Q: 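Next up is a structure, given as structure tokens.
Index from 1, following the sequence. Since the model is a prediction, treat every value here as computed from it, not as a measurement.
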Amino acid sequence: MSRHTFPTDLLETQTAWYRTYRQLAEIAATPSGAAAYRRRLLALSARIAAHPYWDTPAGTPAARVSLKEAARALAAGADRPPV
């Protein structure tokens, strides 16, 4: 459980990054479409890095790790079929 509280848009952007990365990995064997996923990853990375949260006292290196862990869990959960 994360001890950090992240802005919703930051957590959603990091989660979208993981989903996009997974989609890119899945189509890596095909020649078409990869460029669009790469561009999306670059845009998402820029949004994450430039988010104002990192300019606050809460924006520590530990918070970056925690954000990635929380978003990875959300992205993995969204990829599972409903029970």
Q: Side-chain donor-acceptor pairs under 3.5 Å in residues 67-76, sequence neighbours left out?
A:
| unit_1 | atom_1 | unit_2 | atom_2 | d |
| --- | --- | --- | --- | --- |
| R72 | NH2 | Y18 | OH | 2.9 |

Q: What pair of heavy atoms forms the shortest contact from A16 to R40, and how long is it?
A: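 Closest pair (atom of A16, atom of R40, distance): CB-NH2, 3.7 Å.
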Q: Restricting to side-chain hydrogen bond (donor to acceptor under 3.5 Å, both in side chains), what partner residues turn up for R39, sequence neighbours left out?
A: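 Residues passing side-chain hydrogen bond (donor to acceptor under 3.5 Å, both in side chains) with R39: none at all.
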Q: Do other residues, nucleotides or ligands put more than 12 heavy atoms under 6.0 Å from Y53 OH?
A: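 Enclosed.
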Q: With sequence neighbours left out, write down each residue that passes side-chain hydrogen bond (donor to acceptor under 3.5 Å, both in side chains) with T15, or none if nothing qualifies.
A: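 By the side-chain hydrogen bond (donor to acceptor under 3.5 Å, both in side chains) rule, T15 matches no residue at all.
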Q: Among all residues two or more places apart in sequence or in another chain, which pass the side chain to side chain contact (heavy atoms under 4.5 Å, CB included) test with Q23?
A: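 With sequence neighbours excluded, Q23 shows a side chain to side chain contact (heavy atoms under 4.5 Å, CB included) to T20, Y37, given in chain and number order.
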Q: Quick check for you: to the nearest 0.5 Å, what is the distance between H4 atom NE2 and L10 atom CG?
A: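 Reported to 0.5 Å precision, the distance equals 12.0 Å.
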Q: How would you list, by chain and number, every residue that makes a side-chain hydrogen bond (donor to acceptor under 3.5 Å, both in side chains) with T60, sequence neighbours excluded?
A: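 side-chain hydrogen bond (donor to acceptor under 3.5 Å, both in side chains) list for T60, sorted by chain: empty.
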Q: What closest approach, in Å, do A63 and A58 show between heavy atoms, and which atom pair accounts for it?
A: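 Smallest heavy-atom distance, with atoms named: CB-O, 3.3 Å.
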Q: Between W54 and A49, what is the shortest heavy-atom contact and its length?
A: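 W54 and A49 have their closest heavy atoms at CD1-O, 3.7 Å.
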Q: Tell me whether L41 is reachable from I27 by hopping between hydrophobic residues (I, L, V, M, F, W, Y) whose side-chain heavy atoms are closer than 4.5 Å.
A: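 The answer is yes; both residues are in one hydrophobic cluster.
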Q: Applying side-chain hydrogen bond (donor to acceptor under 3.5 Å, both in side chains), can you list everything that pairs with R47, at least two apart in sequence or on another chain?
A: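 Checked R47 against side-chain hydrogen bond (donor to acceptor under 3.5 Å, both in side chains); matches are T13.
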